[in-house]
Amino acid sequence: MPREINARKKLGVLVSGNGSNLQAIIDQSRSTGYPAEVAVVVSSHSEARALERARAAGIPGYAVERADFASNNDHNGAILDKLKEHGVDLIVLAGYMRLVGSAILDTYRDAVINLHPSLLPSFPGAHAIGDALEAGVKITGITIHFADETYDTGPIIIQEVVPVQQEDTEETLGARVHKVEHRHLPYAVKLWATGRLRIVGRRVNILPKKDRSAGEHAPEDGH
Ligand code: GRF
């Protein structure tokens, strides 16, 4: 049966830990008119709190651990099967600590987005917040970008600055960074789900919102 034209896009959220960003998407997806819903959560760790969040929200959640597979390819293949099984349109890497691999990227071309707690290309990797503090930068932030074959590269969709305060620790700065992530990730998903992202080389253009009544472009009204 053909999909309804205005059907909500199905999200597959890949996680490895706490899942506060998963929660932000789940919460937003419950608001009227939000164009996407979480169809499945896949975690690289069976102990991840994110799986409890999925369970609490009534969303199917699976632990697919690397240790249970002979190779990265097999592991990614098993994840891909779960995503397909649940009819996923867009993959969101929300604190997912592994590479998704070419099989997933080829199947979900321009439909895998990642979240990173720094202003890329500064401070890629798993310790971005600590690395920013150590480097003594006065501003850091968040980046949401399309994923590619390597960590923390790929065309940038959204960045937002978070100022570093003199007395900051990893915890205090991390808490402010996460707050900003929780605001922007659901928005980036919304932009994708409403067809407003265009990749042009390394750049991502955000198309203006369509004013349905006039058939013209309406001015941006923020998130
Ligand atoms: C976020 O800071 C994200 O940028 C990074 O991992 C963290 C995940 O946090 N990739 P949570 O699991 O969503 O709470």
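Ligands are counted one by one from 1 in listed order, and the atoms in each one are counted from 1 as well.
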Can you sort out which atoms of ligand 1 are near [X], meaning under 4.0 Å from one of its heavy atoms?
X    : answer
N18  : 12 (O), 14 (O)
H116 : 4 (O)
H178 : 1 (C), 2 (O)
P117 : 2 (O), 4 (O), 5 (C)

For [atom], what is the nearest protein heavy atom, given as residue, atom name and distance?
atom                    : result
atom 9 (O) of ligand 1  : N21 ND2, 3.7 Å
atom 10 (N) of ligand 1 : L115 O, 3.2 Å
atom 4 (O) of ligand 1  : E181 OE2, 2.4 Å
atom 14 (O) of ligand 1 : S20 OG, 2.5 Å

Exercise for the section: Determine whether more than 12 heavy atoms belonging to other residues, nucleotides or ligands lie under 6.0 Å from atom CD of E134. Expected result: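 No, CD of E134 has 12 or fewer neighbouring heavy atoms, counting only those of other groups under 6.0 Å.
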Problem - Candidate with minimal heavy-atom separation from atom 7 (C) of ligand 1, of G95, A126, G19, G174 - result: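 Considering heavy atoms of G95, A126, G19, G174, the nearest to atom 7 (C) of ligand 1 sits in G95.
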Handout entry: Any donor-acceptor N or O pair under 3.5 Å, side chains N72, R98
Key =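 Yes, a side-chain donor-acceptor pair sits under 3.5 Å.
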Handout entry: Candidate pair H116 and I144, rule side-chain contact (heavy atoms from CB on, under 4.5 Å), full reasoning
Key = CA-CA 6 Å; H116 185 76; I144 298 163; over 6 Å; no
Practice task
Kindly confirm or rule out an N or O of Y96 lying under 3.5 angstrom from an N or O of ligand 1.
Solution key: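 No: no nitrogen or oxygen of Y96 is under 3.5 Å from one in ligand 1.
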Exercise for the section: Look only at the side chain of S46 and the backbone of A63, and say whether a donor-acceptor pair between them is shorter than 3.5 Å. Expected result: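 A pair under 3.5 Å: no.
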Exercise for the section: Spell out, as yes or no, whether a donor-acceptor pair under 3.5 Å connects the side chain of T143 to the backbone of L120. Expected result: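 Yes, because the side chain of T143 sits within donor-acceptor range (under 3.5 Å) of the backbone of L120.
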Practice task
Find out whether V15 and Y96 are in side-chain contact, i.e. whether some heavy atom of one side chain is under 4.5 Å from a heavy atom of the other.
Solution key: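 Not touching, per the 4.5 Å side-chain cut-off.
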Handout entry: pair E149-L99: side-chain heavy atoms closer than 4.5 Å
Key =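 Contact flag for E149/L99 side chains = no.
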